[in-house]
Asker: 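This is the structure, below, for whatever I ask next.
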Amino acid sequence: ETGVTQTPRHLVMGMTNKKSLKCEQHLGHNAMYWYKQSAKKPLELMFVYSLEERVENNSVPSRFSPECPNSSHLFLHLHTLQPEDSALYLCASSQDMKTQYFGPGTRLLVL
Amino acid sequence: GEDVEQSLFLSVREGDSSVINCTYTDSSSTYLYWYKQEPGAGLQLLTYIFSNMDMKQDQRLTVLLNKKDKHLSLRIADTQTGDSAIYFCAEIGDSSASKIIFGSGTRLSIRP
């Protein structure tokens, strides 16, 4: 256990569905991250929140919408996804944007 | 931009030592990391080293840093089947705006 939890662990959704991924950290950190990990591709940083403000948004399509209501929780809202969005979505947290601790990930399949 | 490179695959016989290598370009690196990812799981922080150190040992793991050549290695002694995973090298610079940069990962497989 790293102190970072993610739910659900697995998700299957159709292209017209709306779903949300949840991440919670119990480490008292002040920064949280979303990454996408696809087969045969490097880890892609999607969003970074520091002190609950978004500080990074790496040209991610608008069908992915992050939300950080407080320093312990991070959501990724999904709508009208495409099959190529199927991947492992990883959440991480850190203190002062340094060493990152990862959650177990949500395996997403878009049909 | 800054870059971290690793070889993609390594195959080692059980009981031998594994050495996973990594090179990076950021001359202002402060922390360098090794993460382990088992199938279907997230990235687990294995160990890290400060840039002012040249070696760190933790049980079966030895990290060597050659700052002049910007080369980092992870040695796993007495490699076991449970060490089968993807190992990611990563680094972060010294400014508050620095982002952690990950390598593409090295897949370690263990032969009986």
Side-chain angles (χ1 to χ4, degrees), chain A residues 1-11 21 23-25 27 29-51 53-59 74 87-109, chain B residues 1-9 22-26 28-53 56 58 61 63 65 72 74 85-107:
Chain A
E1 284 294 326
T2 63
V4 181
T5 58
Q6 291 187 241
T7 54
R9 294 294 311 276
H10 301 272
L11 179 62
L21 310 185
C23 176
E24 184 172 0
Q25 59 95 1
L27 301 169
H29 288 166
N30 58 13
M32 295 186 78
Y33 311 76
W34 280 117
Y35 287 86
K36 177 183 178 183
Q37 189 179 37
S38 307
K40 300 179 183 177
K41 280 182 146 185
L43 204 57
E44 298 173 56
L45 178 63
M46 299 174 73
F47 300 104
V48 181
Y49 278 81
S50 177
L51 300 171
E53 290 200 12
R54 192 190 307 182
V55 298
E56 185 96 25
N57 173 4
N58 282 345
S59 303
L74 184 66
L88 181 67
Y89 288 84
L90 292 164
C91 173
S93 73
S94 75
Q95 183 61 25
D96 299 332
M97 306 279 283
K98 293 296 182 187
T99 306
Q100 292 183 22
Y101 294 84
F102 283 80
T106 295
R107 174 72 61 187
L108 174 67
L109 178 62
Chain B
E2 304 301 348
D3 195 21
V4 174
E5 295 205 353
Q6 311 173 233
S7 53
L8 291 180
F9 300 100
C22 168
T23 57
Y24 61 97
T25 59
D26 185 358
S28 70
S29 285
T30 51
Y31 294 80
L32 296 113
Y33 305 95
W34 284 104
Y35 286 86
K36 175 184 181 183
Q37 186 179 32
E38 296 183 53
L43 274 67
Q44 171 198 353
L45 179 64
L46 268 186
T47 186
Y48 64 90
I49 190 169
F50 296 107
S51 58
N52 62 358
M53 299 167 65
K56 181 178 180 181
D58 183 3
L61 305 179
V63 179
L65 174 60
L72 184 73
L74 174 69
I86 301 176
Y87 290 81
F88 291 89
C89 172
E91 64 89 17
I92 192 165
D94 60 359
S95 84
S96 58
S98 293
K99 294 187 300 186
I100 190 168
I101 308 294
F102 286 88
S104 298
T106 299
R107 184 179 295 275

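Naming: A, B, ... by sequence-line order, numbering from 1 per chain.
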Asker: So, for B:Thr30 and A:Lys98, which heavy atoms are closest and what is the spacing to 0.1 Å?
Answerer: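 Minimum heavy-atom separation between B:Thr30 and A:Lys98: OG1-NZ, 4.3 Å.
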Asker: Side-chain contact test, heavy atoms from C-beta onward, threshold under 4.5 Å: evaluate it for B:Gln37 versus A:Leu43 and give yes or no.
Answerer: no
Asker: Starting at CG of B:Leu43, measure out to OH of A:Tyr35 and round the result to the nearest 0.5 Å.
Answerer: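 Here the rounded value is 9.0 Å.
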Asker: For the residue pair B:Lys99 and A:Leu45, what are the closest heavy atoms and their distance?
Answerer: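 What the structure gives for the nearest pair is CD-CD2, 4.3 Å.
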Asker: If I measure from the heavy atoms of chain B, does A:Gln6 come under 4.5 Å with its side chain, its backbone, both, or neither?
Answerer: neither
Asker: Can you tell me which portion of A:Thr99 sits under 4.5 Å from chain B's heavy atoms? Options are side chain, backbone, both or neither.
Answerer: both
Asker: Do side-chain atoms of B:Tyr33 reach the backbone of A:Gln100 as a donor and acceptor pair under 3.5 angstrom?
Answerer: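 No, the answer is negative, given that no donor and acceptor are paired below the 3.5 Å cut-off.
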Asker: Under 4.5 Å from any heavy atom of chain A, what part of B:Gln44 do you find: side chain, backbone, both or neither?
Answerer: neither
Asker: Does A:Gln95, at its CD atom, have more than 12 non-hydrogen atoms belonging to other residues, nucleotides or ligands within less than 6.0 Å?
Answerer: yes
